[in-house]
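What you see is a predicted model; the values in this text were computed from it and never measured. Every heavy atom of this structure was used, including side-chain atoms; hydrogens, water molecules and symmetry mates were not.
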Amino acid sequence: MNLMYVRTIKITFKDKMSKNMFVNYTDTKADAEGFQNGTLMKLIFSNSDVIATLVLIFPDHKTFMRDHNNTAGPIIDSFKEQGLKIELNDGEVSGTTAVSSKFLEILTKEGTFYKTD
């Protein structure tokens with residue numbers, strides 16, 4: 001059984017500008033690469049002026065590993081080399097995935113959609 005797989009990456013940046021640069025990079029270059037790797041959804045939430053948490057949802061572990069090897073892993077390694085604090089969590093989705101029909105309406109209005117094969 002292929003279960004969806006989720007990763008969170010919590011990053012403590014050195015300053016607000018570094019955090020904003022990461023968000024901009026993710027929203028432009030990394031998103032396109034990640035969705036070509038099979039990512040289903042990405043969102044970033046702001047924990048503070050210098051902390052952000054990236055949430056990535058994948059259809060399965062194999063797709064997660066493809067994204068990790070091709071996109072996320074090198075970015076994570078770069079952050080670690082810069083001395084940034086990184087907290088990684090990942091695992092299979094357990095239990096029922098519940099989605100409000102309003103969620104799709106908001107995504108359609110607010111989200112950026114990527115065409116993938």
Side-chain angles (χ1 to χ4, degrees):
M1 178 185 221
N2 287 332
L3 298 174
M4 284 194 299
Y5 205 84
V6 176
R7 166 175 264 179
T8 62
I9 307 169
K10 183 177 179 184
I11 309 155
T12 303
F13 295 92
K14 294 182 180 184
D15 54 42
K16 187 175 182 177
M17 182 169 38
S18 297
K19 176 184 159 188
N20 290 340
M21 289 172 60
F22 165 74
V23 170
N24 183 53
Y25 173 78
T26 302
D27 285 351
T28 55
K29 179 152 176 49
D31 277 0
E33 291 178 17
F35 284 96
Q36 286 303 313
N37 289 330
T39 303
L40 295 177
M41 186 174 165
K42 177 230 59 178
L43 63 91
I44 300 172
F45 64 90
S46 180
N47 303 81
S48 74
D49 283 348
V50 296
I51 300 173
T53 300
L54 176 67
V55 180
L56 299 165
I57 302 173
F58 305 94
D60 52 38
H61 184 262
K62 180 179 175 184
T63 306
F64 158 77
M65 288 306 301
R66 183 171 52 240
D67 181 74
H68 176 78
N69 292 335
N70 295 325
T71 303
I75 294 170
I76 292 166
D77 290 344
S78 173
F79 286 157
K80 287 179 179 177
E81 289 169 8
Q82 294 173 48
L84 301 182
K85 181 180 175 185
I86 305 290
E87 295 176 45
L88 300 175
N89 290 290
D90 55 77
E92 290 181 340
V93 172
S94 61
T96 302
T97 300
V99 179
S100 165
S101 58
K102 183 84 172 169
F103 182 66
L104 294 176
E105 179 184 319
I106 292 170
L107 276 182
T108 300
K109 188 168 67 171
E110 304 283 332
T112 301
F113 286 79
Y114 290 84
K115 181 172 176 27
T116 59
D117 297 325

Donor-acceptor pair between Ser48 and Lys19 side chains, under 3.5 angstrom: no
Roughly how far, to the nearest 0.5 Å, is the [atom2] atom of [Y] from the [atom1] atom of [X]?
X	Y	atom1	atom2	answer
Asn70	Glu33	CG	CD	8.5 Å
His68	Ile9	NE2	CD1	9.0 Å
His61	Leu3	NE2	CG	11.5 Å
Leu56	Met41	CG	CE	10.5 Å
Leu88	Ile11	CG	CD1	9.0 Å

Met21: which other cluster members, linking ILVMFWY side chains closer than 4.5 Å, directly or transitively? Met17
Please check if [X] and [Y] belong to a single hydrophobic cluster, counting links between Ile, Leu, Val, Met, Phe, Trp and Tyr side chain heavy atoms closer than 4.5 Å.
X	Y	answer
Leu43	Val93	yes
Val50	Tyr25	no
Phe58	Met65	yes
Phe45	Leu107	yes
Val6	Met4	yes

Please collect all salt bridge (Lys or Arg N to Asp or Glu O under 4.0 Å) contacts where either partner lies in residues 61-75, sequence neighbours excluded, each pair once. none
All pairs passing salt bridge (Lys or Arg N to Asp or Glu O under 4.0 Å) where residues 95-104 contributes a residue, at least two apart: Lys102-Glu105
Flag, side chain of Thr39 to backbone of Gly34, donor-acceptor distance under 3.5 Å: yes
Under 3.5 Å, sequence neighbours excluded: what are the donor-acceptor pairs made by side chains of residues 74-82?
| from | atom 1 | to | atom 2 | distance (Å) |
| --- | --- | --- | --- | --- |
| Ser78 | OG | Gln82 | NE2 | 3.2 |
| Gln82 | NE2 | Ser78 | O | 3.4 |

Tell me every residue that passes side chain to side chain contact (heavy atoms under 4.5 Å, CB included) with [X], counting only those two or more places apart in sequence or in another chain.
X	result
Pro59	Leu40, Thr63
Lys85	Thr12, Glu87
Asp90	Tyr5, Arg7, Phe64
Asp49	Lys16

Mind checking side-chain hydrogen bond (donor to acceptor under 3.5 Å, both in side chains) for [X] and listing every partner two or more places apart, or none if nothing turns up?
X	answer
Asn47	Thr53
Lys42	Asp27, Asp31
Asn24	none

For residues 88-109, which residue pairs pass the ring-ring contact (aromatic ring centres under 6.0 Å, His included) check, not counting sequence neighbours? none
